[in-house]
S.K.: 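I am attaching a structure below and will ask some questions about it afterwards.
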Amino acid sequence: MKRVLAHAGLSAGALIMLYPLLWMVSASLRENTEIFQHPGLIPEHPTLGNYALGWSSTGTNFGVYIMNSLIICAAVVIGNVITCSLTAYAFARMTFVGRKALFAVMLATIMLPGHVTLIAQYSIFRNLNWIDTFWPMIVPSFLATDAFFVFLMVQFIRSLPVELDDAARIDGCGYWGIYRRIILPLLSPALVTTAIFSFIWTWNNFFSQLIYLSTRTRLTVPVALRGFLDATGSSQWGALFAMSVVTLVPVVVVFVVFQRRILAGMAHTGLK
Amino acid sequence: MTARLRQSLPAYLFLLPWFIGIVGLTIGPMVLSLYYSFTDYALLNTPEWTGLHNYSALFQDPRYLHSLRVTFIYVGVSVPLEMAFALAVAVLLNRGLKGLAVYRALYYVPSLLGGSVAIALLWQQIFGSDGLLNDVLGLFGIHGRGWISEPGTALWTLIVLRVWQFGAPMVIFLAGLRQIPDDVLEAAEVDGAGRWQRFWRVTLPLLSPVVFFNLVLQIIGAFQAFTPAFVISGGKGGPSDSTLFYTLYLYQQAFGNFRMGYAAAMAWVLLLIIAVFTGLNFVLGRTWVFYGDEGVRR
């Protein structure tokens, strides 16, 4: 009996948590006049019209924004996976002068609020003529600036037996060989976690895309979505919700596919 | 070159990208932005040294002081609420119920999507005057209001949005709860401790490092919240500046008014505030965070 009650409570809680999301999906399938008439979930006259309308109503095909976001996300994923693993390998397995101090510096940057570097970074990127290009979003990821992922990988590499490195060294591998043939394959769970979170965070990242991008055809999904209201007025809630749903789909798909890995990654490291 | 330095060379090669990044994109910009914070800089001019002027101007700027107040309320209310929900649901879920994985995933979904523009737009509708919330309240005969368009309630809709995302700390709590050995709880039960006593005297002390970790992370994150306030208020922080978050005001000064020096000063004060809160957490943490081998606190 207690169990039934607990399940009932938890299910009700989950429903309240998810209701706004379900409602948005439902609203995206209704006609504009019907959206605000009742809080229920079932559309009376289901239509896909909002999706067609929203897809092209800002003048630029929504597919362009999705492609821009995908390009940036793919580059960031690749950059983070490569350079964070190189950095982590050095910190976890190599001895060098200044290692402790540099490691402390690396850890300290995890907690550093981005605003402290924001203005200067903007002015640097501006001098490089990178404003209104994808470079300000992409280049930092090729320079291992997301210390969180470096830390995650350092922890993971430390849990791998050193004997593997020694055996490879006896077989004639140098540092590069050990990294490439031993560490990298074994590191793949941490690499996948890094890739997933890199993708989701970059996809949802609004701030840097807002300040760096301006040309309509170079906008990404979050910036385009936010500009939607200005472009169409609030008369098109249905189309707005339809495009909102479109922008959430990739994240939901990634979550469903990699659910275990994402939740385990959260639990181990406190990623958010 | 000494032998030790020569031996370090391969490692430095591996660290090269990171090194360029830390110097060029972190430490360099930090130094540069500290310099900007003492100047009058509008992006197109050469920065002009004005000493402490930006900092003294900050504390005479009523909108700045107001943004501080708004941010403190946001952090001070949303973080404890979020933590309380996260802990409560984690404890409920940790009782060996079937379907734990499903509940955990469902409660986590808002954390995953919550920071996106789409959710901010959805929130704008839900708490609008003819929005979903008022529809639901109408079913109970309650006449709602324009939650987002009225200064008295707008900030609270953003607080609700953050609390809604309690799934992230919840997952970390769940992982922490699993680390607590059953025999400790059983021993307490044998000694006659009731459910509440076991929670307060055994579970919570053993979980305190995780509580601490979540608290530090959430406070740091909440101080930097931006997207929902920006989207919901159309970038203005309205109505009547009631959602003028610290970071939103910083954005307005930097990219709206091009007062880059002023914004840089704001960023350094924000760093200081976050550092003080984190430091305070660590100092206070010593009184309540309990690490392993000291024996269960009585």
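In what follows, every chain begins at residue 1, and chains take the letters A, B, ... in the order their sequences are listed.
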S.K.: Using heavy-atom distances under 4.5 Å, tell me whether B:Tyr35 contacts chain A through its side chain, its backbone, both, or neither.
M.R.: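 It is neither, since no heavy atom gets under 4.5 Å.
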S.K.: State, yes or no, whether a side-chain contact exists between B:Trp123 and B:Val160 at a heavy-atom distance under 4.5 Å.
M.R.: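 Yes, side chains in contact.
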S.K.: Checking B:Leu271 against chain A: side chain, backbone, both or neither under 4.5 Å from a heavy atom?
M.R.: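 Contact with chain A is through both the backbone and side chain of B:Leu271.
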S.K.: Which region of B:Leu106, side chain (C-beta onward) or backbone (N, CA, C, O), has a non-hydrogen atom less than 4.5 Å from a non-hydrogen atom of chain A, or is it both or neither?
M.R.: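 Both parts, backbone and side chain.
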S.K.: Between A:Thr117, A:Val251, A:Val116, who has the most heavy-atom pairs with chain B when the cutoff is under 4.5 Å?
M.R.: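 Max contact count across the listed options: A:Val116.
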S.K.: Answer with side chain, backbone, both or neither: which region of B:Ile274 has an atom nearer than 4.5 Å to a non-hydrogen atom of chain A?
M.R.: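 When you check distances to chain A, only side chain atoms of B:Ile274 fall under 4.5 Å.
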S.K.: Check whether B:Ile126 gets within reach of chain A through its side chain, its backbone, both or neither, counting any heavy atom under 4.5 Å.
M.R.: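 When you check distances to chain A, only side chain atoms of B:Ile126 fall under 4.5 Å.
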S.K.: Looking at A:Thr109, A:Leu112, A:Thr95, which has the largest count of heavy-atom pairs under 4.5 Å with chain B?
M.R.: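 Between A:Thr109, A:Leu112, A:Thr95, the count favours A:Leu112.
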S.K.: Taking A:Thr202's backbone N and O only, do any of them form a donor-acceptor pair with A:Gln209's side chain (distance below 3.5 Å, no angle check)?
M.R.: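 Flag set: sc A:Gln209 to bb A:Thr202 pair under 3.5 Å.
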S.K.: Quick check for you: among A:Thr145, A:Leu263, A:Asn204, which has the greatest number of heavy-atom pairs under 4.5 Å with chain B?
M.R.: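 Most heavy-atom pairs within the cutoff with chain B belong to A:Leu263.
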S.K.: Could you have a look at A:Ala90, A:Pro20, A:Gly98 and say which one has the most heavy-atom pairs with chain B under 4.5 angstrom?
M.R.: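 Max contact count across the listed options: A:Pro20.
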S.K.: For chain B, find which of A:Ile16, A:Val221, A:Leu18 contributes the most heavy-atom pairs closer than 4.5 angstrom.
M.R.: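 Going by pairs under 4.5 Å, I would pick A:Leu18.
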S.K.: Please look at B:Leu139 and chain A and tell me whether the side chain, the backbone, both or neither of the residue comes under 4.5 angstrom of a heavy atom of that chain.
M.R.: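 B:Leu139 touches chain A through side-chain heavy atoms alone.
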S.K.: For B:Phe19, look at atom CZ and say whether over 12 heavy atoms of other residues, nucleotides or ligands are found less than 6.0 Å away.
M.R.: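 Counting other residues, nucleotides and ligands, CZ of B:Phe19 stays at 12 neighbours or fewer.
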S.K.: Using a cut-off of under 4.5 Å for heavy-atom pairs, which of B:Leu112, B:Asp130, B:Val231, B:Thr26 has the most such pairs with chain A?
M.R.: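 If we count pairs closer than 4.5 Å to chain A, B:Leu112 comes out on top.
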S.K.: Judged by modelled atom types alone, do A:Arg30 and A:Ser26 share a side-chain donor-acceptor pair under 3.5 Å?
M.R.: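 The answer is yes; a qualifying pair exists.
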S.K.: Tell me, side chain or backbone of A:Thr83 under 4.5 Å from chain B's heavy atoms, or both, or neither?
M.R.: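 For A:Thr83, the contact with chain B is made by the side chain alone.
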S.K.: Heavy-atom cut-off 4.5 Å, strictly under: side chain, backbone, both or neither for B:Phe255 against chain A?
M.R.: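 Just its side chain gets close to chain A.
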S.K.: Against chain A, label B:Leu34 side chain, backbone, both or neither, depending on which of its atoms sit under 4.5 Å from a heavy atom there.
M.R.: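 B:Leu34 has no heavy atom closer than 4.5 Å to chain A.
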S.K.: Under a 4.5 Å heavy-atom cutoff, which of B:Leu16, B:Val210, B:Leu25 has the most pairs with chain A?
M.R.: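 It is B:Leu25.
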S.K.: I'd like to know if the side chain of B:Tyr246 and the backbone of B:Met266 have a donor-acceptor N/O pair within less than 3.5 Å.
M.R.: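 A pair under 3.5 Å: yes.
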S.K.: Of all of B:Leu122, B:Ile20, B:Leu32, which one pairs up most often with chain A through heavy atoms under 4.5 Å apart?
M.R.: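 Option with the top pair count is B:Leu122.
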S.K.: With a 4.5 angstrom heavy-atom cut-off, is it the side chain or the backbone of B:Phe173 that approaches chain A, or both, or neither?
M.R.: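 Neither part.
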S.K.: Side chain, backbone, both or neither: which part of A:Gln121 has an atom under 4.5 Å from a heavy atom of chain B?
M.R.: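 Interface part for A:Gln121: both.
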S.K.: Check each atom of B:Leu270 against the heavy atoms of chain A and say whether the ones under 4.5 Å are side chain, backbone, both or neither.
M.R.: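 Looking at B:Leu270, just its side chain touches chain A.
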S.K.: Quick check for you: among B:Val89, B:Val102, B:Leu121, which has the greatest number of heavy-atom pairs under 4.5 Å with chain A?
M.R.: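 Answer, by heavy-atom pair count under 4.5 Å with chain A: B:Leu121.
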S.K.: With no hydrogens and no angle check, just 3.5 Å: does a side-chain donor-acceptor pair link B:Tyr249 and B:Thr71?
M.R.: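 Checked: B:Tyr249/B:Thr71 side chains show no N/O donor-acceptor pair below 3.5 Å.
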S.K.: Does the side chain of B:Tyr251 come under 3.5 Å of the side chain of A:His115 through a donor N or O and an acceptor N or O?
M.R.: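 No, no side-chain donor-acceptor pair sits under 3.5 Å.
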S.K.: Can you label the angle between the A:Trp23 ring and the A:Phe241 ring as parallel, tilted or perpendicular, going by 30° and 60°?
M.R.: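 Rings of A:Trp23 and A:Phe241: perpendicular, over 60°.
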S.K.: What option among B:Ala254, B:Gly131, B:Ala105, B:Ala175 has the most heavy-atom pairs under 4.5 Å with chain A?
M.R.: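 Sorted descending by pairs with chain A, the first entry is B:Ala105.
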S.K.: Quick one: what part of A:Leu102 sits under 4.5 Å from any heavy atom of chain B, side chain, backbone, both or neither?
M.R.: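 Both parts, heavy atoms under 4.5 Å.
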S.K.: Check each atom of A:Leu10 against the heavy atoms of chain B and say whether the ones under 4.5 Å are side chain, backbone, both or neither.
M.R.: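 It is both, since atoms from each part get that close.
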S.K.: Applying ring-ring contact (aromatic ring centres under 6.0 Å, His included) between B:Trp18 and each of A:Tyr89, A:Phe151, A:Phe91, report the one that passes.
M.R.: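 Going through A:Tyr89, A:Phe151, A:Phe91 one by one, the ring-ring contact (aromatic ring centres under 6.0 Å, His included) with B:Trp18 is satisfied by A:Phe91 alone.
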S.K.: Go through B:Met170, B:Gln7, B:Arg104, B:Arg95 and name the one with the most non-hydrogen pairs under 4.5 angstrom from chain A.
M.R.: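 Greatest number of close heavy-atom pairs with chain A: B:Arg104.
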S.K.: Please check this pair: side chain of B:Ser111 against backbone of B:Gly167, looking for a donor-acceptor N/O pair closer than 3.5 Å.
M.R.: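 Side chain of B:Ser111 to backbone of B:Gly167, a donor-acceptor pair under 3.5 Å: yes, one is there.
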S.K.: Quick check on B:Ser37 against chain A: is it the side chain, the backbone, both or neither that has a heavy atom closer than 4.5 Å?
M.R.: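 Looking at B:Ser37, nothing touches chain A.
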S.K.: Can you tell me if A:Arg99 uses its side chain to pair, donor with acceptor, with the backbone of A:Met94 under 3.5 Å?
M.R.: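 Such a contact is found between A:Arg99 side chain and A:Met94 backbone.
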S.K.: Out of A:Ala88, A:Ala14, A:Gly114, return the one with the most heavy atom pairs under 4.5 angstrom to chain B.
M.R.: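 Answer, by heavy-atom pair count under 4.5 Å with chain B: A:Ala14.
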S.K.: Could you walk me through whether A:Met24 and A:Leu248 pass the side-chain contact (heavy atoms from CB on, under 4.5 Å) check?
M.R.: CA-CA 11 Å; A:Met24 177 166 64; A:Leu248 293 180; 3.4 Å; yes
S.K.: State, yes or no, whether a side-chain contact exists between A:Ser11 and A:Leu15 at a heavy-atom distance under 4.5 Å.
M.R.: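 Not in contact.
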S.K.: Which atoms of A:Ile211 come close to chain B, meaning under 4.5 Å heavy atom to heavy atom: side chain ones, backbone ones, both, or neither?
M.R.: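 Just its side chain gets close to chain B.
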S.K.: For A:Tyr212, run the ring-ring contact (aromatic ring centres under 6.0 Å, His included) check against A:Trp135, A:Phe207, A:Tyr122 and tell me which one passes.
M.R.: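 Going through A:Trp135, A:Phe207, A:Tyr122 one by one, the ring-ring contact (aromatic ring centres under 6.0 Å, His included) with A:Tyr212 is satisfied by A:Tyr122 alone.
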S.K.: Where does B:Trp268 contact chain A at under 4.5 Å (heavy atoms): side chain, backbone, both or neither?
M.R.: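 When you check distances to chain A, only side chain atoms of B:Trp268 fall under 4.5 Å.
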S.K.: Please state whether the side chain, the backbone, both or neither of A:Arg126 comes within less than 4.5 Å of a heavy atom of chain B.
M.R.: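 Only the side chain of A:Arg126 comes within 4.5 Å of chain B.
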S.K.: So for A:Met106, is it side chain, backbone, both, or neither that comes closer than 4.5 Å to the heavy atoms of chain B?
M.R.: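 Both parts, backbone and side chain.
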S.K.: By a 4.5 Å heavy-atom criterion (distance strictly below it), what part of A:Leu225 contacts chain B: side chain, backbone, both, or neither?
M.R.: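 Both backbone and side chain.
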S.K.: In the structure I gave you, are the side-chain heavy atoms of A:Leu213 and A:Met137 within less than 4.5 Å of one another anywhere?
M.R.: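 Yes. Closest side-chain heavy atoms under 4.5 Å.
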S.K.: Could you walk me through whether A:Thr247 and A:Tyr65 pass the side chain to side chain donor-acceptor pair (under 3.5 Å) check?
M.R.: CA-CA 10 Å; A:Thr247 68; A:Tyr65 309 131; over 6 Å; no
S.K.: In sequence, state the C-alpha distance, the side-chain angles, and the governing distance for A:Phe149 and A:Phe197, and then conclude on ring pair (Phe, Tyr, Trp, His ring centres under 6.0 Å).
M.R.: CA-CA 9 Å; A:Phe149 296 131; A:Phe197 280 103; 7.3 Å; no
S.K.: Considering only heavy atoms, which portion of A:Tyr175 lies under 4.5 Å from any heavy atom of chain B: side chain, backbone, both, or neither?
M.R.: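 A:Tyr175 touches chain B through backbone and side-chain heavy atoms alike.
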S.K.: Sort B:Val31 into side chain, backbone, both or neither according to what part of it lies under 4.5 angstrom from a heavy atom of chain A.
M.R.: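 B:Val31 has no heavy atom closer than 4.5 Å to chain A.
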S.K.: Should B:Phe258 and B:Tyr41 be marked as a ring pair (Phe, Tyr, Trp, His ring centres under 6.0 Å) after you check the CA-CA gap, both sets of side-chain angles, and the distance that decides it?
M.R.: CA-CA 8 Å; B:Phe258 294 102; B:Tyr41 178 42; over 10 Å; no
S.K.: Counting N and O atoms only, with roles assigned by atom type, does the side chain of B:Glu82 sit under 3.5 Å from a partner on the main chain of B:Pro169, one being a donor and the other an acceptor?
M.R.: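 Absent.
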S.K.: Of the backbone (N, CA, C, O) and the side chain (C-beta and beyond), which part of A:Trp176 lies under 4.5 Å from a heavy atom of chain B, both, or neither?
M.R.: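 Both parts, backbone and side chain.
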S.K.: Using 30° and 60° as the class boundaries, would you call the ring planes of B:Phe166 and B:Phe85 parallel, tilted or perpendicular?
M.R.: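 It falls in the parallel class, under 30°.
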